[in-house]
Peer 1: 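First the structure, then my questions, so here it is.
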Protein chains: 2
Amino acid sequence: MSNTKALPLLEPAADEAVAPCCPPLTERPFTAEEAETAARMFKALGDPVRLRLFSAVASHEGGEACVCDISDVGVSQPTVSHHLKKLKEAGLLTSERRGTWVYYRVEPSVLAAMGRLLTGVAPTV
Amino acid sequence: MSNTKALPLLEPAADEAVAPCCPPLTERPFTAEEAETAARMFKALGDPVRLRLFSAVASHEGGEACVCDISDVGVSQPTVSHHLKKLKEAGLLTSERRGTWVYYRVEPSVLAAMGRLLTGVAPTV
DNA sequence: CGTCAACATAGACATCCATCGAATTAGGTG
DNA sequence: CACCTAATTCGATGGATGTCTATGTTGACG
(Lines give C-alpha, C1' and ligand atoms only; values in the text may rest on other atoms or scores of the structure.)
Protein backbone atom coordinates (compact mmCIF):
# COMPACT_ATOMS: atom_id res chain seq x y z
CA MET A 1 0.00 0.00 0.00
CA SER A 2 1.95 2.91 -1.17
CA ASN A 3 0.89 6.24 0.10
CA THR A 4 1.26 9.90 -0.69
CA LYS A 5 4.03 12.01 0.71
CA ALA A 6 3.93 15.14 -1.38
CA LEU A 7 0.88 17.34 -1.34
CA PRO A 8 -2.12 16.39 0.75
CA LEU A 9 -4.32 16.27 -2.30
CA LEU A 10 -5.21 12.75 -1.38
CA GLU A 11 -6.08 11.94 2.14
CA PRO A 12 -4.97 8.53 3.30
CA ALA A 13 -8.04 6.35 3.56
CA ALA A 14 -7.58 2.93 4.97
CA ASP A 15 -10.65 1.29 3.56
CA GLU A 16 -10.36 2.57 0.01
CA ALA A 17 -7.61 2.12 -2.51
CA VAL A 18 -8.55 5.38 -4.20
CA ALA A 19 -8.98 8.39 -1.97
CA PRO A 20 -9.72 11.30 -4.29
CA CYS A 21 -9.81 14.90 -3.22
CA CYS A 22 -13.29 15.31 -4.58
CA PRO A 23 -16.42 13.44 -5.47
CA PRO A 24 -17.13 12.58 -9.08
CA LEU A 25 -17.84 15.64 -11.17
CA THR A 26 -21.31 14.40 -11.92
CA GLU A 27 -22.34 13.71 -8.36
CA ARG A 28 -22.98 17.26 -7.22
CA PRO A 29 -21.65 20.74 -7.98
CA PHE A 30 -18.13 21.19 -6.75
CA THR A 31 -17.55 23.55 -3.88
CA ALA A 32 -15.02 26.35 -4.32
CA GLU A 33 -12.47 24.43 -2.26
CA GLU A 34 -12.92 21.20 -4.16
CA ALA A 35 -12.64 23.03 -7.44
CA GLU A 36 -9.49 24.77 -6.32
CA THR A 37 -7.86 21.50 -5.39
CA ALA A 38 -8.87 19.53 -8.45
CA ALA A 39 -8.17 22.37 -10.86
CA ARG A 40 -4.59 22.41 -9.65
CA MET A 41 -4.11 18.89 -10.95
CA PHE A 42 -5.87 19.47 -14.24
CA LYS A 43 -3.91 22.65 -14.74
CA ALA A 44 -0.68 20.76 -14.29
CA LEU A 45 -1.67 18.47 -17.15
CA GLY A 46 -2.97 21.37 -19.22
CA ASP A 47 0.33 22.12 -20.87
CA PRO A 48 1.51 20.08 -23.84
CA VAL A 49 5.10 19.91 -22.69
CA ARG A 50 4.13 18.84 -19.19
CA LEU A 51 1.77 16.24 -20.57
CA ARG A 52 4.53 14.80 -22.71
CA LEU A 53 6.90 14.70 -19.78
CA PHE A 54 4.29 13.10 -17.58
CA SER A 55 3.46 10.51 -20.20
CA ALA A 56 7.15 9.84 -20.74
CA VAL A 57 7.63 9.12 -17.05
CA ALA A 58 4.43 7.13 -16.75
CA SER A 59 5.26 4.92 -19.70
CA HIS A 60 8.94 4.52 -18.98
CA GLU A 61 10.39 1.18 -18.13
CA GLY A 62 10.30 0.51 -14.42
CA GLY A 63 7.80 3.29 -13.81
CA GLU A 64 10.50 5.88 -13.42
CA ALA A 65 12.79 7.95 -15.56
CA CYS A 66 15.67 10.31 -15.04
CA VAL A 67 15.49 13.77 -16.54
CA CYS A 68 17.99 12.85 -19.20
CA ASP A 69 15.66 10.10 -20.43
CA ILE A 70 12.78 12.42 -21.16
CA SER A 71 14.36 15.78 -21.99
CA ASP A 72 13.73 15.52 -25.70
CA VAL A 73 10.51 17.49 -25.88
CA GLY A 74 11.68 20.48 -27.88
CA VAL A 75 12.34 22.94 -25.09
CA SER A 76 15.49 23.88 -23.23
CA GLN A 77 16.68 21.83 -20.32
CA PRO A 78 15.86 24.48 -17.67
CA THR A 79 12.34 24.58 -19.04
CA VAL A 80 12.08 20.82 -18.65
CA SER A 81 13.21 21.17 -15.07
CA HIS A 82 10.66 23.91 -14.50
CA HIS A 83 7.81 21.75 -15.76
CA LEU A 84 8.89 18.74 -13.74
CA LYS A 85 8.84 20.94 -10.68
CA LYS A 86 5.31 22.02 -11.49
CA LEU A 87 4.19 18.43 -11.87
CA LYS A 88 5.80 17.61 -8.57
CA GLU A 89 4.15 20.55 -6.83
CA ALA A 90 0.82 19.38 -8.16
CA GLY A 91 1.36 16.02 -6.52
CA LEU A 92 1.54 14.11 -9.80
CA LEU A 93 5.21 13.17 -9.66
CA THR A 94 7.76 12.37 -7.03
CA SER A 95 11.51 12.67 -7.42
CA GLU A 96 14.52 11.04 -5.92
CA ARG A 97 18.20 11.66 -6.47
CA ARG A 98 20.42 8.64 -6.98
CA GLY A 99 23.99 9.58 -7.64
CA THR A 100 24.34 11.90 -10.59
CA TRP A 101 20.79 11.51 -11.78
CA VAL A 102 17.37 12.51 -10.51
CA TYR A 103 14.61 10.01 -11.08
CA TYR A 104 10.97 10.95 -11.44
CA ARG A 105 8.08 8.62 -10.75
CA VAL A 106 4.32 8.89 -11.09
CA GLU A 107 2.41 9.17 -7.86
CA PRO A 108 0.35 6.04 -8.32
CA SER A 109 -2.95 6.86 -6.67
CA VAL A 110 -3.38 10.14 -8.51
CA LEU A 111 -4.28 8.68 -11.87
CA ALA A 112 -6.98 6.51 -10.39
CA ALA A 113 -8.32 9.39 -8.34
CA MET A 114 -8.57 11.71 -11.32
CA GLY A 115 -10.11 8.95 -13.38
CA ARG A 116 -12.75 8.39 -10.77
CA LEU A 117 -13.38 12.10 -10.52
CA LEU A 118 -14.12 12.18 -14.22
CA THR A 119 -16.01 8.98 -14.74
CA GLY A 120 -17.44 8.27 -11.33
CA VAL A 121 -16.10 4.75 -11.57
CA ALA A 122 -13.15 3.36 -9.71
CA PRO A 123 -10.88 1.73 -12.28
CA THR A 124 -9.98 -1.88 -11.68
CA VAL A 125 -6.22 -1.67 -11.46
CA MET B 1 -23.50 32.97 -34.50
CA SER B 2 -20.84 30.55 -33.50
CA ASN B 3 -23.26 27.92 -32.49
CA THR B 4 -21.98 24.63 -33.81
CA LYS B 5 -18.32 25.21 -33.29
CA ALA B 6 -17.26 22.24 -31.23
CA LEU B 7 -13.71 21.14 -31.81
CA PRO B 8 -13.22 17.72 -33.36
CA LEU B 9 -11.33 16.40 -30.40
CA LEU B 10 -13.26 13.21 -30.60
CA GLU B 11 -13.87 11.63 -33.92
CA PRO B 12 -17.15 9.81 -34.22
CA ALA B 13 -16.39 6.12 -34.10
CA ALA B 14 -19.28 3.84 -34.79
CA ASP B 15 -17.87 0.69 -33.30
CA GLU B 16 -16.67 2.12 -30.01
CA ALA B 17 -18.51 4.03 -27.37
CA VAL B 18 -15.31 5.75 -26.31
CA ALA B 19 -13.23 7.35 -29.03
CA PRO B 20 -10.34 9.04 -27.26
CA CYS B 21 -7.94 11.38 -28.90
CA CYS B 22 -4.95 9.59 -27.42
CA PRO B 23 -3.78 6.34 -25.98
CA PRO B 24 -3.51 5.93 -22.23
CA LEU B 25 -0.80 8.09 -20.70
CA THR B 26 1.03 5.04 -19.47
CA GLU B 27 1.12 3.19 -22.76
CA ARG B 28 3.86 5.14 -24.50
CA PRO B 29 5.17 8.71 -24.53
CA PHE B 30 2.73 11.12 -26.07
CA THR B 31 3.63 12.68 -29.37
CA ALA B 32 3.59 16.46 -29.66
CA GLU B 33 0.27 16.33 -31.50
CA GLU B 34 -1.38 14.04 -28.98
CA ALA B 35 -0.15 16.18 -26.14
CA GLU B 36 -1.47 19.31 -27.81
CA THR B 37 -4.90 17.82 -28.21
CA ALA B 38 -5.21 16.30 -24.77
CA ALA B 39 -3.70 19.29 -23.00
CA ARG B 40 -6.44 21.47 -24.46
CA MET B 41 -9.04 19.47 -22.57
CA PHE B 42 -7.11 19.37 -19.31
CA LYS B 43 -6.43 23.05 -19.57
CA ALA B 44 -10.13 23.75 -19.89
CA LEU B 45 -10.68 22.01 -16.57
CA GLY B 46 -7.64 23.67 -15.04
CA ASP B 47 -9.51 26.70 -13.78
CA PRO B 48 -11.52 26.54 -10.55
CA VAL B 49 -14.42 28.55 -11.91
CA ARG B 50 -14.63 26.47 -15.07
CA LEU B 51 -14.45 23.29 -13.06
CA ARG B 52 -17.32 24.43 -10.87
CA LEU B 53 -19.38 25.36 -13.90
CA PHE B 54 -18.62 22.06 -15.56
CA SER B 55 -19.49 20.11 -12.44
CA ALA B 56 -22.67 22.11 -12.03
CA VAL B 57 -23.77 21.22 -15.55
CA ALA B 58 -22.68 17.61 -15.24
CA SER B 59 -24.51 17.07 -11.98
CA HIS B 60 -27.62 19.01 -12.86
CA GLU B 61 -30.94 17.32 -13.18
CA GLY B 62 -31.56 16.09 -16.68
CA GLY B 63 -27.92 16.39 -17.64
CA GLU B 64 -28.31 19.98 -18.68
CA ALA B 65 -28.54 23.39 -17.12
CA CYS B 66 -29.22 26.91 -18.26
CA VAL B 67 -26.73 29.61 -17.40
CA CYS B 68 -29.04 31.05 -14.80
CA ASP B 69 -28.96 27.74 -12.92
CA ILE B 70 -25.20 27.72 -12.47
CA SER B 71 -24.16 31.38 -12.43
CA ASP B 72 -23.58 31.50 -8.69
CA VAL B 73 -19.84 30.92 -8.70
CA GLY B 74 -18.64 34.27 -7.44
CA VAL B 75 -17.76 35.99 -10.69
CA SER B 76 -19.65 38.37 -12.94
CA GLN B 77 -22.10 37.16 -15.55
CA PRO B 78 -19.86 37.98 -18.52
CA THR B 79 -17.09 36.01 -16.90
CA VAL B 80 -19.38 33.02 -16.56
CA SER B 81 -20.26 33.36 -20.22
CA HIS B 82 -16.60 33.57 -21.11
CA HIS B 83 -15.77 30.37 -19.26
CA LEU B 84 -18.70 28.48 -20.73
CA LYS B 85 -17.45 29.47 -24.15
CA LYS B 86 -14.02 28.10 -23.32
CA LEU B 87 -15.49 24.82 -22.18
CA LYS B 88 -17.49 24.66 -25.37
CA GLU B 89 -14.45 25.38 -27.52
CA ALA B 90 -12.59 22.60 -25.75
CA GLY B 91 -15.31 20.19 -26.75
CA LEU B 92 -16.46 19.54 -23.20
CA LEU B 93 -19.85 21.22 -23.41
CA THR B 94 -22.51 21.81 -26.00
CA SER B 95 -25.13 24.53 -25.92
CA GLU B 96 -28.60 25.02 -27.26
CA ARG B 97 -30.92 27.97 -27.07
CA ARG B 98 -34.51 27.32 -26.12
CA GLY B 99 -36.55 30.45 -25.85
CA THR B 100 -35.03 32.91 -23.47
CA TRP B 101 -32.56 30.47 -21.99
CA VAL B 102 -29.42 28.78 -23.23
CA TYR B 103 -28.90 25.24 -22.02
CA TYR B 104 -25.50 23.65 -21.61
CA ARG B 105 -24.91 19.93 -21.65
CA VAL B 106 -21.87 17.74 -21.12
CA GLU B 107 -20.51 16.12 -24.23
CA PRO B 108 -20.97 12.55 -23.05
CA SER B 109 -18.05 10.68 -24.57
CA VAL B 110 -15.47 13.14 -23.32
CA LEU B 111 -15.49 12.13 -19.68
CA ALA B 112 -15.02 8.48 -20.55
CA ALA B 113 -12.25 9.32 -23.00
CA MET B 114 -10.35 11.39 -20.48
CA GLY B 115 -10.85 8.75 -17.84
CA ARG B 116 -9.44 6.11 -20.11
CA LEU B 117 -6.53 8.33 -20.98
CA LEU B 118 -5.67 8.59 -17.31
CA THR B 119 -6.35 5.10 -16.06
CA GLY B 120 -6.01 3.02 -19.19
CA VAL B 121 -9.32 1.41 -18.37
CA ALA B 122 -12.58 2.02 -20.15
CA PRO B 123 -15.15 2.84 -17.49
CA THR B 124 -18.31 0.80 -17.44
CA VAL B 125 -20.92 3.49 -17.76
C1' DC C 1 -43.71 49.08 -30.65
C1' DG C 2 -41.45 49.38 -26.16
C1' DT C 3 -39.50 47.15 -22.40
C1' DC C 4 -37.50 43.72 -19.72
C1' DA C 5 -34.62 39.57 -18.95
C1' DA C 6 -31.05 36.24 -20.42
C1' DC C 7 -26.96 35.80 -22.42
C1' DA C 8 -23.00 37.09 -25.46
C1' DT C 9 -19.45 40.23 -27.16
C1' DA C 10 -15.99 44.04 -26.95
C1' DG C 11 -12.37 46.39 -24.95
C1' DA C 12 -9.28 47.34 -21.14
C1' DC C 13 -6.31 45.93 -17.61
C1' DA C 14 -3.60 43.37 -14.28
C1' DT C 15 -1.67 39.14 -13.41
C1' DC C 16 0.11 34.75 -14.55
C1' DC C 17 3.09 31.74 -17.10
C1' DA C 18 6.11 29.39 -20.51
C1' DT C 19 10.40 30.17 -22.16
C1' DC C 20 15.15 31.40 -22.50
C1' DG C 21 20.21 32.29 -21.21
C1' DA C 22 23.21 32.69 -17.36
C1' DA C 23 24.62 31.37 -12.99
C1' DT C 24 24.58 27.87 -9.31
C1' DT C 25 24.49 23.49 -6.79
C1' DA C 26 25.68 18.63 -6.54
C1' DG C 27 28.01 14.39 -7.68
C1' DG C 28 31.47 11.77 -10.03
C1' DT C 29 36.31 11.17 -11.73
C1' DG C 30 41.14 11.83 -12.64
C1' DC D 1 41.93 20.32 -6.32
C1' DA D 2 40.42 20.77 -11.10
C1' DC D 3 37.19 19.46 -14.28
C1' DC D 4 33.11 17.49 -16.29
C1' DT D 5 28.17 16.32 -16.40
C1' DA D 6 23.37 16.44 -14.46
C1' DA D 7 20.05 19.21 -12.81
C1' DT D 8 18.10 23.26 -10.46
C1' DT D 9 17.57 28.19 -9.63
C1' DC D 10 17.56 33.01 -11.09
C1' DG D 11 16.10 37.09 -13.70
C1' DA D 12 14.00 38.87 -17.63
C1' DT D 13 10.41 39.01 -21.13
C1' DG D 14 6.66 38.43 -24.39
C1' DG D 15 2.38 36.37 -24.75
C1' DA D 16 -1.67 34.18 -22.72
C1' DT D 17 -5.51 34.52 -19.46
C1' DG D 18 -9.06 35.79 -15.96
C1' DT D 19 -11.66 39.56 -14.63
C1' DC D 20 -14.23 43.64 -14.97
C1' DT D 21 -17.55 47.39 -17.03
C1' DA D 22 -20.05 48.74 -20.91
C1' DT D 23 -22.62 47.50 -24.79
C1' DG D 24 -24.97 44.45 -28.09
C1' DT D 25 -28.24 40.72 -29.30
C1' DT D 26 -32.05 37.79 -28.82
C1' DG D 27 -36.50 36.35 -27.35
C1' DA D 28 -40.82 36.98 -24.53
C1' DC D 29 -44.71 39.81 -23.31
C1' DG D 30 -48.06 43.49 -22.85
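Order of the sequence lines fixes the chain letters, A, B, ..., with proteins taken first and strands second; residue numbering starts at 1 for each chain. Quantities reported herein were computed from a predicted structural model and do not represent experimental measurements.
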Peer 1: Hey, is the side chain of K43(B) poking within less than 4.0 Å of OP1 or OP2 on dT17(D), counting only N and O atoms?
Peer 2: yes
Peer 1: Check each residue of residues 44-53 of chain B for a non-hydrogen atom within less than 4.0 Å of any atom in DNA chain C, then write out the ones that pass by number, or none.
Peer 2: none
Peer 1: Sequence neighbours left out, what pairs pass disulfide bond (SG atoms under 2.5 Å apart) with at least one residue falling in residues 91-122 of chain B?
Peer 2: none
Peer 1: CG of L84(A) versus C1' of dA18(C): gap in Å, rounded?
Peer 2: 14 Å
Peer 1: For residues 53-65 of chain A, which side-chain donor-acceptor pairs fall under 3.5 Å, sequence neighbours excluded?
Peer 2:
{"residue": "S55(A)", "atom": "OG", "partner": "L25(B)", "partner atom": "O", "Å": "3.0"}
{"residue": "S55(A)", "atom": "OG", "partner": "R28(B)", "partner atom": "O", "Å": "3.0"}
{"residue": "S55(A)", "atom": "OG", "partner": "F30(B)", "partner atom": "N", "Å": "3.0"}
{"residue": "S59(A)", "atom": "OG", "partner": "S55(A)", "partner atom": "O", "Å": "2.8"}
{"residue": "H60(A)", "atom": "ND1", "partner": "E64(A)", "partner atom": "O", "Å": "2.8"}
{"residue": "E64(A)", "atom": "OE1", "partner": "R105(A)", "partner atom": "NH2", "Å": "2.8"}
{"residue": "E64(A)", "atom": "OE2", "partner": "R98(A)", "partner atom": "NH2", "Å": "2.6"}

Peer 1: At what distance, to the nearest 0.5 angstrom, does CG of L92(B) lie from CD of E107(B)?
Peer 2: 9.0 Å
Peer 1: Phosphate oxygens OP1/OP2 of dT19(D): is one of them under 4.0 Å from a side-chain N or O of S76(B)?
Peer 2: no
Peer 1: Which residues pass the side chain to side chain contact (heavy atoms under 4.5 Å, CB included) test with K86(B), sequence neighbours left out?
Peer 2: R50(B), H82(B), E89(B)
Peer 1: Would you tell me if any nitrogen or oxygen in the side chain of K85(A) comes within less than 4.0 Å of OP1 or OP2 on dT9(D)?
Peer 2: yes
Peer 1: Which residues pass the side chain to side chain contact (heavy atoms under 4.5 Å, CB included) test with V67(B), not counting sequence neighbours?
Peer 2: S71(B), V80(B), L84(B), Y104(B)
Peer 1: Figure out the CZ/P separation between R40(B) and dA16(D), and round it to whole Å.
Peer 2: 14 Å
Peer 1: For E27(A), which residues count as a side chain to side chain contact (heavy atoms under 4.5 Å, CB included) partner, sequence neighbours excluded?
Peer 2: P23(A), P24(A)
Peer 1: Any N/O pairs under 3.5 Å between the protein and nucleotides 1-7 of chain C? List them or say none.
Peer 2:
{"residue": "dC7(C)", "atom": "OP1", "partner": "V67(B)", "partner atom": "N", "Å": "3.4"}
{"residue": "dC7(C)", "atom": "OP1", "partner": "V102(B)", "partner atom": "N", "Å": "3.4"}
{"residue": "dC7(C)", "atom": "OP2", "partner": "C68(B)", "partner atom": "N", "Å": "3.0"}

Peer 1: Just how far, in rounded Å, is C1' of dA8(C) from NZ of K86(B)?
Peer 2: 15 Å
Peer 1: Please list all pairs passing the salt bridge (Lys or Arg N to Asp or Glu O under 4.0 Å) test where one or both residues lie in residues 51-60 of chain A, with sequence neighbours left out.
Peer 2: none
Peer 1: Hey, does the side chain of T79(A) come within less than 4.0 Å of dA18(C)'s phosphate (OP1/OP2), counting only N and O?
Peer 2: no
Peer 1: Any side-chain to backbone donor/acceptor pair from S81(B) onto Q77(B)? Under 3.5 Å, distance only.
Peer 2: no
Peer 1: Side chain to side chain contact (heavy atoms under 4.5 Å, CB included) with S76(A): which residues, sequence neighbours excluded?
Peer 2: P78(A), T79(A)
Peer 1: Classify H82(B) by what it touches in the nucleic acid, base, sugar-phosphate, or nothing, heavy-atom distance under 4.0 Å.
Peer 2: base
Peer 1: Using whole Å, report how far CD of E89(B) lies from P of dG18(D).
Peer 2: 11 Å
Peer 1: Which whole-number value in Å describes the distance from E96(A) CD to dA7(D) P?
Peer 2: 14 Å
